[in-house]
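For reference, the structure discussed in these notes is given below.
In what follows, chains carry the letters A, B, and so on, assigned in the order in which the sequence lines appear, proteins first and then strands, with residues in each chain numbered from 1.
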Amino acid sequence: MSAGVADRHLRALELPVVEAARLLVGCTIAHGDASGVIVETEAYHEREPACHAHIGLTARTRTLFAAPGIAYVYRSYGIHALLNVVVEPEGVGAAVLIRALEPLTGLPAMGRRRGRPRPTDLCSGPGKLTQALDIGLELNEAPLLTGPIRLGPPPGDRPAEQIVAGVRIGITKAVELPWRFCAAGSRHVSRPWPAGLQAPAG
DNA sequence: CATGGGATTGACT
DNA sequence: GTCAATCCCATGC
């Protein structure tokens, strides 16, 4: 096995968070028998105010300042668990929010947990994919290379994804940063890509 | 100890 | 398009 494509998820863990967010599109996330290909990510870094780590080291943000390669899972709006991949060296607060997956395996179980069988309704949002993969707050700080959640390289039989970048969604601070990355043309993203930023057709 | 704000979603007008 | 559900945690008294 040669280095390169197969190690993409490992290289991402060594890079600055914005580059990591771009590289993680196309990689895989699995929990139990359910898995999917990452088709949408966002980068968050302590130096900008939309990041939880911006306020410094607290009980909640401790995870973000830890060594790379673990999960940061937190509750959003009192309802949903959101999954992040912690990156950058220990002591730096940064993480990549996993915003959408293209379902790969375990679709029946995902559909049961989601209460909606349509493939494009299973993992097309940060709160949806954690419900589909049964990822809860108890998995905060779980290692991502040794399980139970597993971050893996892109499936070997898939062509490299074309990636488009845009501004992050659902935040009120630092709204101008183009730190959202999507697989171009994917029907599994959380929201349709703005028409003006659509990747060149064909 | 009380309060308020969300990195969202699904239902509804 | 609007809006409520619901809870962790940071902050302030």
Side-chain angles (χ1 to χ4, degrees), chain A residues 12 16-22 24-25 29 34 36 38-66 68 70-88 92-103 110-142 144 149 151 164-183 186-195:
Chain A
V17 66
V18 178
E19 294 174 52
R22 179 185 286 273
L24 285 176
V25 174
I29 291 278
I38 299 171
V39 296
E40 180 178 348
T41 63
E42 286 177 359
Y44 288 86
H45 192 282
E46 59 169 304
R47 71 175 174 281
E48 47 88 14
C51 181
H52 293 166
H54 189 64
I55 61 174
L57 186 58
T58 67
R60 181 196 205 189
T61 64
R62 179 183 65 174
T63 311
L64 288 168
F65 288 93
I70 64 172
Y72 169 52
V73 185
Y74 75 97
R75 187 164 304 290
S76 173
Y77 289 92
I79 303 170
H80 305 103
L82 269 54
L83 171 68
N84 295 250
V85 175
V86 173
V87 298
E88 304 222 6
V92 179
V96 176
L97 172 67
I98 307 302
R99 285 195 57 92
L101 307 176
E102 176 182 330
M110 291 191 200
R112 251 178 278 124
R113 286 189 285 262
R114 289 277 301 128
R116 288 147 196 278
R118 281 177 56 219
T120 50
D121 285 338
L122 295 179
C123 300
S124 55
K128 297 177 185 178
L129 70 90
T130 55
Q131 185 183 23
L133 268 62
D134 195 24
I135 292 172
L137 299 197
E138 73 281 359
L139 291 173
N140 186 42
E141 299 192 311
L144 293 172
I149 308 172
L151 173 67
V164 287
V167 296
R168 296 175 295 182
I169 291 174
I171 56 173
T172 58
K173 300 168 221 168
V175 295
E176 74 286 355
L177 295 176
W179 286 6
R180 176 186 178 215
F181 300 96
C182 289
S186 174
R187 287 171 284 110
H188 299 271
V189 296
S190 65
R191 288 165 59 168
W193 203 256

Look at the side-chain N and O atoms of [X] and state whether any lies under 4.0 Å from the OP1 or OP2 oxygen of [N].
X: R99(A); N: dT8(B); value: yes
X: R114(A); N: dG10(B); value: yes
X: K128(A); N: dG10(B); value: yes

Under 3.5 Å, is there a donor-acceptor pair between the [X] and [Y] side chains?
X: T58(A); Y: R60(A); value: no
X: R99(A); Y: S190(A); value: yes
X: Q131(A); Y: R113(A); value: no

Roughly how many Å is it from [atom1] in [X] to [atom2] in [N], rounded to a whole number?
X: R118(A); N: dT9(B); atom1: CZ; atom2: P; answer: 15 Å
X: Q131(A); N: dT9(B); atom1: CD; atom2: P; answer: 10 Å
X: Y77(A); N: dT8(B); atom1: OH; atom2: P; answer: 6 Å
X: E40(A); N: dT8(B); atom1: CD; atom2: P; answer: 10 Å
X: H54(A); N: dG5(B); atom1: NE2; atom2: P; answer: 18 Å
X: D121(A); N: dT8(B); atom1: CG; atom2: P; answer: 17 Å
X: H52(A); N: dG5(B); atom1: NE2; atom2: P; answer: 15 Å
X: F181(A); N: dA7(B); atom1: CZ; atom2: P; answer: 19 Å

| query | So which nucleotide does dA10(C) pair with, by the Watson-Crick or G-U wobble rule with both distances under 3.5 Å? | reply |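 Check on dA10(C): paired to dT3(B), both distances under 3.5 Å.
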
| task | Locate the shortest heavy-atom distance separating A100(A) from L129(A); write the atom from each residue and the value. | result |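 Closest approach of A100(A) to L129(A), heavy atoms only: N-CD2, 3.6 Å.
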
| Over all atoms of both residues, closest heavy-atom pair of E48(A) and A174(A) |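 For E48(A) versus A174(A), the nearest heavy atoms are OE1-CB, 3.7 Å.
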
| query | In terms of the nearest nucleotide of DNA chain C, which residue is placed more toward the 5' end: H80(A) or L137(A)? | reply | H80(A)

| request: Could you pick out which residue, I79(A) or R60(A), lies toward the 5' side of DNA chain C when each is mapped onto its nearest nucleotide? | output: I79(A)

| said: Does R191(A) have more than 12 heavy atoms from other residues, nucleotides or ligands lying within 6.0 Å of its CZ? | reply: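 Not buried by this count: 12 neighbours or fewer within 6.0 Å.
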
| CG of L137(A) to OH of Y74(A): how many Å apart, nearest 0.5 Å? |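 Here the rounded value is 11.0 Å.
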
| query | Earliest and latest nucleotide of DNA chain C, 5' to 3', sitting under 4.0 Å from a non-hydrogen atom of chain A? | reply | dA5(C) to dA10(C)

